[in-house]
2 protein chains.
Amino acid sequence: MEDHSESKCENCIIRQLNSLKALNKEELKSISNSKVTRSVKKGESIFAEGEKLKGVFCVRNGVSKLSKMSDNGKDQIVKIATKGEVLGQRSVITQQKTNLSAIALSDMEVCYIPKNHLSDYISNNVEFTKAILLQIADELKFADNIIVNMAQKNVKQRIAETLIYLENNFGVDREGFITMTLTREDIANIVGTAKEACIRTLTAFKKEDWIVTEGKRIKIANKKALNRLVEGL
Amino acid sequence: MEDHSESKCENCIIRQLNSLKALNKEELKSISNSKVTRSVKKGESIFAEGEKLKGVFCVRNGVSKLSKMSDNGKDQIVKIATKGEVLGQRSVITQQKTNLSAIALSDMEVCYIPKNHLSDYISNNVEFTKAILLQIADELKFADNIIVNMAQKNVKQRIAETLIYLENNFGVDREGFITMTLTREDIANIVGTAKEACIRTLTAFKKEDWIVTEGKRIKIANKKALNRLVEGL
DNA sequence: CGTTAGATTGAATACCCTCAACGAGAGTGG
DNA sequence: CCACTCTCGTTGAGGGTATTCAATCTAACG
């Protein structure tokens, strides 16, 4: 942490993680001047489905979900976004309304970056455009895989896969528990099933000694078994 | 059809439909010289999952599915691509293996465009890069919506939605039947269900006089009812 | 401590999958 | 032209899996 002026984009470490890394010092300074840092409390919404965004949100801290709520109260999570990810990118690029809402799963700190400058860079800085393109392309691949999984795998397999994903992407604490602690309901909403089905599956995993739970925290005890399950035995 | 030399990209009408429209005459000529036109018979594969593509395929005619086959024989269709769409774009951009396979649903004519030139243009022509970005961003939105639908809607609703989608996107013939005729199994594979479930739902729709069928052809007779169903009554 | 969100379990039900058999049309070869 | 095969559509029945509603329990938190 040799950087003491994180409040300026050009000094912010976070940008290394996303497409903003393709911008040069000048461009970053210009963005820095127009950005607004905002703190979001757990449960609060960053933006809602159907909004027209006039800028993107760069996550500096905390976790959020991108999801869509249906009329019957079901909330399908499409993506979990953490430090370094840029929210609202798609909507700003295509100038369409958002099709998902972003809600904080923990207290967060996000930087709001108005689109005016970004649009310029997208039009003039190929490297920047390319960086965004690569990122969106990856998101598309990820989304396609989810579609296939939802169709071809059952709840058990999808939950196993989600646990492994969470461990691989967000790591474990010193006790081995998955760092990213989600409620059972959130996990259910990622997997696309009901809270109870999720809980029942987790208890089944526990009975097999494949996982250990402590409150909402989860530790994977037998990754191989989970992987075998995902692959279909 | 005042254009008699479709064999050259710069004269091909198809390109108006996709990102290639952002290229200028020079660039198109260069592409035209390296491209290969290829005809693909119904059922044949254009590329398979896991391949490393060295170019993209521009569809000039016919219909193809982008899908992934699971070990148990289930084939989930993620996207139907027709005239004007470019296949393999994502894979070429990210230089990753394809995560889906492309199979012809009808006899097709595709132009294979080696990536060497494309890569140059992506690095130098912002307009081209932007065009691709917009397209991929749209595909991402579409994919996200599918995820949500798979999780929140039941088979009936998803089939209704698919029928409406097919009618809206591919139109109807003079008798009102949906131009895009897919087998029941293909529809099931789009929706993510079993062939039989698809058939039963269609017969139920027929009984309600919401659709008319004639062999594999389908005509929507009561779009409002289908829409109401999709919205959840 | 009381309050409340979240975890857990049970039981009834609805939905969908799977296997299996049959039918109908299209194309092929004799 | 007919028999044959192959693909696709259709229907029935049985079994699972996941949903839903309801009740209880637990842990976090002011």
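The sequence lines fix the lettering, A, B, ..., with proteins before strands; numbering per chain opens at 1.
- Spacing between atom CD of A/Gln152 and atom P of C/dC16 amounts to 18 Å, rounded to whole angstrom units.
- Protein atom NZ of A/Lys42 is 11 Å distant from nucleotide atom P of C/dA5, rounded to whole Å.
- The CG-P distance, from B/Asn72 to C/dT18, rounds to 7 Å in whole Å.
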Exercise for review: Would you check, one step at a time, whether the test ring-ring contact (aromatic ring centres under 6.0 Å, His included) holds for B/Tyr165 with B/Phe142?
Suggested key: CA-CA 12 Å; B/Tyr165 166 78; B/Phe142 192 77; 5.6 Å; yes
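- Residues B/Glu175 and B/Arg217 are paired through a salt bridge, judged by an N-O separation under 4.0 Å between the basic side chain and the carboxylate.
- B/Lys68 pairs in a side-chain contact (heavy atoms from CB on, under 4.5 Å) with only one of the listed residues (B/Gln76, B/Glu49, B/Lys74), which is B/Glu49.
- Checked for salt-bridge contact, A/Glu85 and A/Lys79 meet the test: a charged N lies under 4.0 Å from a carboxylate O.
- A salt bridge between B/Glu214 and B/Lys219 is absent, with no side-chain N of the basic residue lying under 4.0 Å from a carboxylate O of the acidic one.
- Following rounding to the nearest Å, B/Ile199 (CD1) and C/dC22 (P) show an atom-to-atom distance of 17 Å.
- Heavy-atom nearest nucleotides on DNA chain D were determined for A/Gly215 and for A/Cys198, and the one closer to the 5' end corresponds to A/Cys198.
- Considering only the side chain of A/Lys74, D/dT19 comes nearest among D/dT19, D/dT11, C/dT8.
- Computed from coordinates, the B/Lys41 NZ to D/dT7 P distance equals 17 Å when rounded to whole Å.
- Remark: C1' of C/dA7 and CZ of A/Phe205 are 17 Å apart, rounded to the nearest angstrom.
- The pair B/Lys153-B/Glu161 counts as a salt bridge, with a side-chain nitrogen and a carboxylate oxygen less than 4.0 angstrom apart.
- Against DNA chain D, the stretch residues 184-196 of chain A makes heavy-atom approaches under 4.0 Å through A/Thr193, A/Ala194, A/Glu196.
- Summary of helix geometry: the two end axes of the helix from C/dC1-D/dG30 to C/dG30-D/dC1, each defined by five base pairs via their C1' atoms, are inclined to each other by 40° (rounded to 10°).
- Listed here is the closest heavy atom pair of A/Leu105 and A/Lys42: O-CG, 3.6 Å.
- Annotation: side chain of A/Pro114 is not in contact with side chain of A/Lys54 (no heavy-atom distance under 4.5 Å).
- Taking only side-chain atoms of B/Thr183, from C-beta outward, the nucleotide of C/dT9, C/dC17, D/dC8 with the closest atom is D/dC8.
- Rounded to whole Å, atom P of C/dA5 lies 13 Å from atom NZ of A/Lys216.
- Looking at B/Arg200, its side chain comes within 3.5 Å of the base of D/dG12 through a donor and an acceptor atom.
- The CD-C1' distance, from B/Gln157 to C/dA14, rounds to 14 Å in whole Å.
- Between B/Lys65 and B/Asp75, at least one side-chain nitrogen of the basic residue sits less than 4.0 Å from a carboxylate oxygen of the acidic one, meeting the salt-bridge criterion.
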